[in-house]
Amino acid sequence: MFVSLLFGAAVVAASPTTVARDSPSAVTISQNAPKDAGAAILHPFVSFSIEFASFPDFAGNLSLPNKFSNQLLDNLADLQGFKPYIRVGGNTQDFALYDPNLKTGINGTVVPAISTDYPSIVYIGPSYFESYATWPDTKFSFGFDMGKNGTEGMDTLLATAPLACKALKDGKLAYWEMGNEPDLFKTSAPDTKRPANWTESDYVTEWLSKTRLVKRQIAKACPEMAKDTEYQYIAPSFAGIGNSLDPVKTWQEGLDTYHDIKLNSMHNYIGGATQPGVTLQRTLMNHTSTVNSVQQHVDLSKTLNEDGLAKDIPYILGEMNSLYNEGKPGLSNSFGAALWGVDFNLYCASQSIRRTHMHQGTDYRYASWQPVATNKTTIGTKAPYYGNIMVAAMLGGDSDNDNSDDIRVVNLPLAKDTEAAYATYIGGKIARIAVLNMQEYNYTGASTSATRPTASYSFHLPDFSAKSLSVHRLMANGSDAITGISWDGWSYNYELKGGAPVRLSNITVGETVSVDANSGVVELKLPYSSGAILNL
Ligand SMILES: *[C@@H]1O[C@H](CO)[C@@H](O)[C@H](O)[C@H]1NC(C)=O
Ligand SMILES: *[C@@H]1O[C@H](CO)[C@@H](O)[C@H](O)[C@H]1NC(C)=O
Ligand SMILES: *[C@@H]1O[C@H](CO)[C@@H](O)[C@H](O)[C@H]1NC(C)=O
Ligand SMILES: *[C@@H]1O[C@H](CO)[C@@H](O)[C@H](O)[C@H]1NC(C)=O
Ligand SMILES: *[C@@H]1O[C@H](CO)[C@@H](O)[C@H](O)[C@H]1NC(C)=O
Ligand SMILES: *[C@@H]1O[C@H](CO)[C@@H](O)[C@H](O)[C@H]1NC(C)=O
Ligand SMILES: *[C@@H]1O[C@H](CO)[C@@H](O)[C@H](O)[C@H]1NC(C)=O
Ligand SMILES: *[C@@H]1O[C@H](CO)[C@@H](O)[C@H](O)[C@H]1NC(C)=O
Ligand SMILES: *[C@@H]1O[C@H](CO)[C@@H](O)[C@H](O)[C@H]1NC(C)=O
């Protein structure tokens with residue numbers, strides 16, 4: 001009955017024998033936020049990072065704004081209450097040189113020895129900056145090129161600072177950024193940007209001198225943006241922990257000498273696209289793998305705080321996604337990766353990582369959407385976007401930034417690697433529970449008579465007045481699905497209404513589960529490879 005409720009008449013009801021009692025004991029939910037809840041998230045929590053060279057594809061320009069992308073951003077704003085911040089940066093930010101005579105926004109040339117996914121010879125022209133004006137009410141961070149040195153790098157810094165500040169004045173600037181992943185500058189062959197003897201101290205000296213240079217340019221072109229309260233950075237934007245520059249030493253060397261670092265931004269990928277042993281089940285649809293990946297940031301944040309470094313500077317992931325090298329086909333673009341995205345991002349929120357920027361690029365396998373048609377990828381909303389939607393739905397409910405209705409997330413204990421649950425507290429009061437089943441379910445290989453197994457989750461709600469809870473589901477035919485995904489019966493697909501929400505007629509909505517009057521226990525059944533939010 002339950003399964004037929006979900007799928008309409010299309011699928012037969014699961015027999016009771018397929019119901020696996022994955023977590024037999026009910027998880028108790030407290031009405032008030034427990035002590036181990038994550039710190040209040042920053043608004044907007046669900047944010048994006050867009051590859052510098054792909055930004056004109058994502059945003060368009062003034063003659064041809066990309067309205068599809070804007071619609072997808074607006075959908076997230078409707079759910080979480082704030083439009084995602086857009087960090088424009090990534091590998092190509094450190095290749096970009098300014099050409100005042102370029103007639104187009106960008107001229108990118110792919111150098112296969114470096115990457116076939118993005119250009120590594122990049123020129124931007126004056127109209128590149130139009131792309132910051134196509135999406136209403138959107139804040140951006142601008143990534144300056146630190147990688148190029150010498151005259152051409154310096155000329156670009158001097159020329160782009162005034163153009164960037166003019167493009168981002170009047171409330172469009174989130175933060176500045178100087179350089180992307182400088183902890184890989186001397187090691188990422190064949191494109192090493194610095195000699196092997198480049199130290200944390202050299203990096204800090206260069207960062208401080210280049211950010212001073214930019215500030216002088218901005219003071220001339222946009223004086224109001226050079227005030228200390230306005231001139232703020234995300235930094236150090238390291239690829240990770242354990243690379244060729246140590247973040248702790250970097251802060252010790254005085255990265256924040258001028259007190260202009262507003263957010264401590266680090267990057268994260270849970271694994272690599274071509275790394276041996278990476279699979280959907282083992283690497284992505286695996287809560288333990290997510291916990292291990294986030295733990296290094298939790299440890300770093302603690303060390304920095306204890307040492308009085310980066311104290312009171314919120315920790316964010318300024319660039320992140322599933323598998324580095326732009327994702328693995330069949331994994332990073334699957335519904336399983338969307339479930340991973342929900343687990344990873346909510347786990348970050350529960351561990352006081354205050355905001356996450358999912359990285360995007362044209363033709364990238366892990367992208368939430370493809371903004372333009374290319375000969376590699378069809379334009380469209382991709383599976384990972386539906387994960388972004390569920391995270392946004394879990395984090396909505398705070399109308400302003402005044403701390404009165406803080407959103408805090410708690411990770412609820414479940415037994416297996418293949419499941420995860422979270423609770424959201426608004427202003428200290430329980431509001432929602434999210435549950436994920438990440439047991440891989442392939443529908444493409446399944447026989448037509450196969451029944452999708454279901455797992456059951458129980459939550460104990462002591463002293464709650466609610467008699468029934470509404471259920472919103474994140475659903476697709478299986479973890480290997482790359483299309484046909486829905487959130488609470490909504491599709492955001494491009495081919496339906498250009499990314500605007502459309503209620504699908506083949507998904508039943510309006511489902512509720514009742515709270516047992518005697519025990520205070522509520523039970524939720526989840527088909528393998530699916531997720532749901534219970535609204536209190
Ligand atoms: C604006 O975008 C369109 C479509 O990508 C492109 O053809 C055109 O060259 C762009 N205009 C400028 C000034 O870059
Ligand atoms: C684009 O860049 C390539 C590589 O540097 C160059 O050969 C080409 O002439 C440039 N095109 C334009 C229109 O500037
Ligand atoms: C890069 O340029 C800056 C500013 O001129 C200089 O201080 C620094 O030493 C240079 N770094 C390298 C590795 O060339
Ligand atoms: C660092 O390496 C560069 C290039 O190999 C060299 O020119 C420079 O002298 C070295 N600097 C120091 C301080 O050893
Ligand atoms: C999940 O990841 C952990 C840590 O890497 C590993 O020990 C475990 O076997 C994985 N679980 C599954 C279901 O693959
Ligand atoms: C695909 O598009 C790229 C970029 O526009 C172009 O350089 C390439 O030649 C195209 N490839 C094919 C097979 O059409
Ligand atoms: C699902 O398909 C993938 C790719 O073919 C395979 O590696 C995996 O073992 C399958 N999983 C299940 C649960 O059948
Ligand atoms: C999902 O399964 C239903 C029922 O079998 C089928 O009609 C639909 O085409 C499938 N969707 C996709 C995207 O494969
Ligand atoms: C519901 O309809 C959508 C749009 O036609 C399709 O992609 C999806 O696979 C369908 N889902 C099911 C479960 O039939």
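Note that these values count all heavy atoms, side chains included, but never hydrogens, waters or copies made by symmetry. Counting starts at 1 for both ligands and their atoms, following the listed order.
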Between ligand 1 and the protein, which N/O pairs fall short of 3.5 Å?
from: ligand 1; atom 1: 2 (O); to: Asn61; atom 2: OD1; distance (Å): 3.3
from: ligand 1; atom 1: 2 (O); to: Asn61; atom 2: ND2; distance (Å): 2.3
from: ligand 1; atom 1: 11 (N); to: Asn61; atom 2: ND2; distance (Å): 2.9
from: ligand 1; atom 1: 14 (O); to: Gly105; atom 2: N; distance (Å): 3.1
from: ligand 1; atom 1: 14 (O); to: Ser127; atom 2: OG; distance (Å): 3.2

Pro195: numbered ligand 4 atoms lying under 4.0 Å from its heavy atoms: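 Result: 2 (O), 4 (C).
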Have [X] and [Y] got a donor and an acceptor in their side chains that come within less than 3.5 Å?
{"X": "Ser141", "Y": "Arg87", "result": "no"}
{"X": "Ser127", "Y": "Asn61", "result": "no"}
{"X": "Lys249", "Y": "Gln252", "result": "no"}
{"X": "Ser69", "Y": "Trp369", "result": "yes"}

With a 6.0 Å cut-off on ring centres, are Trp207 and Tyr233 close enough? yes
Stacked cation flag Arg473 on Trp487, 6.0 angstrom / 45 deg: no
Backbone or side chain, does any N or O of Thr483 fall under 3.5 Å from an N or O of ligand 8? no
Any pair counted as salt bridge (Lys or Arg N to Asp or Glu O under 4.0 Å), so long as it reaches residues 361-384, sequence neighbours left out: Asp117-Arg365
Find all atoms of ligand 8 within a distance of less than 4.0 Å from any non-hydrogen atom belonging to Tyr443, and give their numbers and elements.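 With Tyr443 as reference, the close atoms of ligand 8 come out as 12 (C), 13 (C), 14 (O).
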Numbered atoms of ligand 8 (with element) below 4.0 Å of Asn477, judged on heavy atoms: 1 (C), 2 (O), 3 (C), 8 (C), 10 (C), 11 (N), 12 (C), 14 (O)
Other residues, nucleotides, ligands: >12 heavy atoms within 6.0 Å of Lys148 NZ: yes
